[in-house]
Amino acid sequence: MMPARKIVLATTNAGKIRELAEPLSALGIEVLGLSDFTEIGEIEETGNTFAENALIKAAAVAKQIGLVAVADDSGLCVDALQGRPGVKSARFADDVAALPGENRDQRNIRKLLDLMKGKQDRKAHFETCMAAVAPNGEKLVVSGQWPGQILQKPRGANGFGYDPVFFDSALGKAAAELNLAEKNAVSHRGRAVCVWPAMGQKTLKYFCQ
């Protein structure tokens, strides 16, 4: 029996782990998260692009753990806000005081909707850059986008981050109204994972051998 291929997803975000574990399991790969490796502290994201941040995180984890590490840096890019929040998506509203009982995602959404008041152009896209780094330094980088629009108010209870205010016009649903299979079929992360097999002569399955 072949030993299980394992990768470490360089995040503690349970939502990201759920979204990526399913498509990668089809390649015979077991996905672990940073919660399985408490010795790794917070990795500072100092890059100016999604690709730079993804590579910083993946390389740091691969070096410390000795397994292939996959990191993604993702964000919401809004046309009317000149591409913001972009690489600052997760920390977009850190300069805004939280309301009672409000978590970071909800605060980010509140700031976004406040900035979008009165704007006719609601076009936006989710973007991700995913980097896989092996302990020997070998790298594989792919990206994906998910076009949509910003809603006037949140809808749905699934997903995480900006999903409740991101509307997929083709499906007629907010991202937070999609189940996991539906989201993986159209999302920026789902599209990035599908690109992996076409990267030269490699597949992620080969990369993890």
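Note that the numbering runs from 1 along the sequence shown for the chain. It should be emphasised that the depicted structure is a prediction, and the values quoted were computed from it without experimental measurement.
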Should L55 and V133 be marked as a side-chain contact (heavy atoms from CB on, under 4.5 Å) after you check the CA-CA gap, both sets of side-chain angles, and the distance that decides it?
CA-CA 7 Å; L55 282 167; V133 178; 4.1 Å; yes
Closer than 3.5 angstrom, by distance alone: can the side chain of R107 be matched with the main-chain N or O of A93 as a donor-acceptor pair?
yes
To the nearest 0.5 Å, how far apart are CZ in R122 and CG in L151?
8.0 Å
Nearest heavy-atom approach of T46 to N53 is N-OD1, 3.5 Å
Just so I know, are the side chains of I7 and L67 near enough to count as touching, which here means a heavy-atom distance under 4.5 Å?
no
Donor-acceptor contact present, side-chain D105 to main-chain G161, <3.5 Å
yes
Set of residues satisfying salt bridge (charged side-chain N to carboxylate O under 4.0 Å, His left out) with respect to R104, sequence neighbours excluded:
D94
Are side-chain heavy atoms of L113 and I150 found at a separation under 4.5 Å?
yes
Can you pull out every salt bridge (Lys or Arg N to Asp or Glu O under 4.0 Å) where at least one residue sits in residues 57-69? Sequence neighbours excluded, please.
E45-K57, K57-D73
Please list, chain by chain and in numerical order, all residues satisfying salt bridge (charged side-chain N to carboxylate O under 4.0 Å, His left out) with E52, sequence neighbours excluded.
none
Just to verify, what does R84 make a salt bridge (charged side-chain N to carboxylate O under 4.0 Å, His left out) with, not counting sequence neighbours?
none
Smallest separation among heavy atoms of C129 and V141, with atom names
SG-CG1, 3.4 Å
Supply the atom-to-atom distance E127 CD to T49 OG1, rounded to the nearest 0.5 angstrom.
9.5 Å
Separation between CG (L9) and CG (L34), nearest 0.5 Å, reads 7.5 Å
Shortest non-hydrogen pair, M130 vs V70, comes out as CE-CG1, 4.1 Å
Any heavy-atom pair between the side chains of I109 and P154 that's under 4.5 Å?
yes
Residues in salt bridge (charged side-chain N to carboxylate O under 4.0 Å, His left out) contact with K117, at least two apart in sequence or another chain:
D114
Spell out, yes or no, whether V142 and V31 are grouped together once hydrophobic residues are joined by side-chain heavy atoms under 4.5 Å, including indirect joins.
yes
Can you name the residues that form a side chain to side chain contact (heavy atoms under 4.5 Å, CB included) with D95, not counting sequence neighbours?
K111
Sequence neighbours excluded - salt bridge (Lys or Arg N to Asp or Glu O under 4.0 Å) pairs with any residue from residues 142-159
R155-E177
Between atom CD1 of I43 and atom CD of Q64, what is the distance when rounded to the nearest 0.5 Å?
6.5 Å
Any non-hydrogen side-chain atom of E182 less than 4.5 Å from a side-chain atom of L171?
no
Under the rule for side chain to side chain contact (heavy atoms under 4.5 Å, CB included), what residues qualify as partners of P85, not counting sequence neighbours?
L76, V78, S89, F92, Y162
So which atom in A131 and which in A58 form the shortest heavy-atom distance, rounded to 0.1 Å?
O-CB, 3.6 Å
Can you name the closest pair of heavy atoms from A71 and A54 and give their distance?
CB-O, 3.3 Å
For the residue pair G86 and C77, what are the closest heavy atoms and their distance?
CA-SG, 4.2 Å
Calculate, to the nearest 0.5 Å, the distance between atoms CG and CG belonging to D163 and D168 respectively.
11.0 Å
How does the hydrophobic cluster around F160 look, that is, which other residues are in it when side-chain heavy atoms under 4.5 Å mark a link?
none
Just grab all the ring pair (Phe, Tyr, Trp, His ring centres under 6.0 Å) pairs involving residues 93-145, residues at least two apart or on different chains.
F126-W146, F126-F166, F126-H188
Is there side-chain contact between T11 and I17, with at least one heavy-atom pair below 4.5 Å?
yes
Answer whether the closest heavy-atom distance between the side chains of V165 and M116 falls below 4.5 Å.
no
Sequence-distant partners of F50, ring-ring contact (aromatic ring centres under 6.0 Å, His included), two or more places apart:
none
Members sharing L99's hydrophobic cluster (side chains within less than 4.5 Å):
none
I'd like to check L81 versus L112 (side-chain heavy atoms, cut-off strictly below 4.5 Å). Are they in contact?
yes
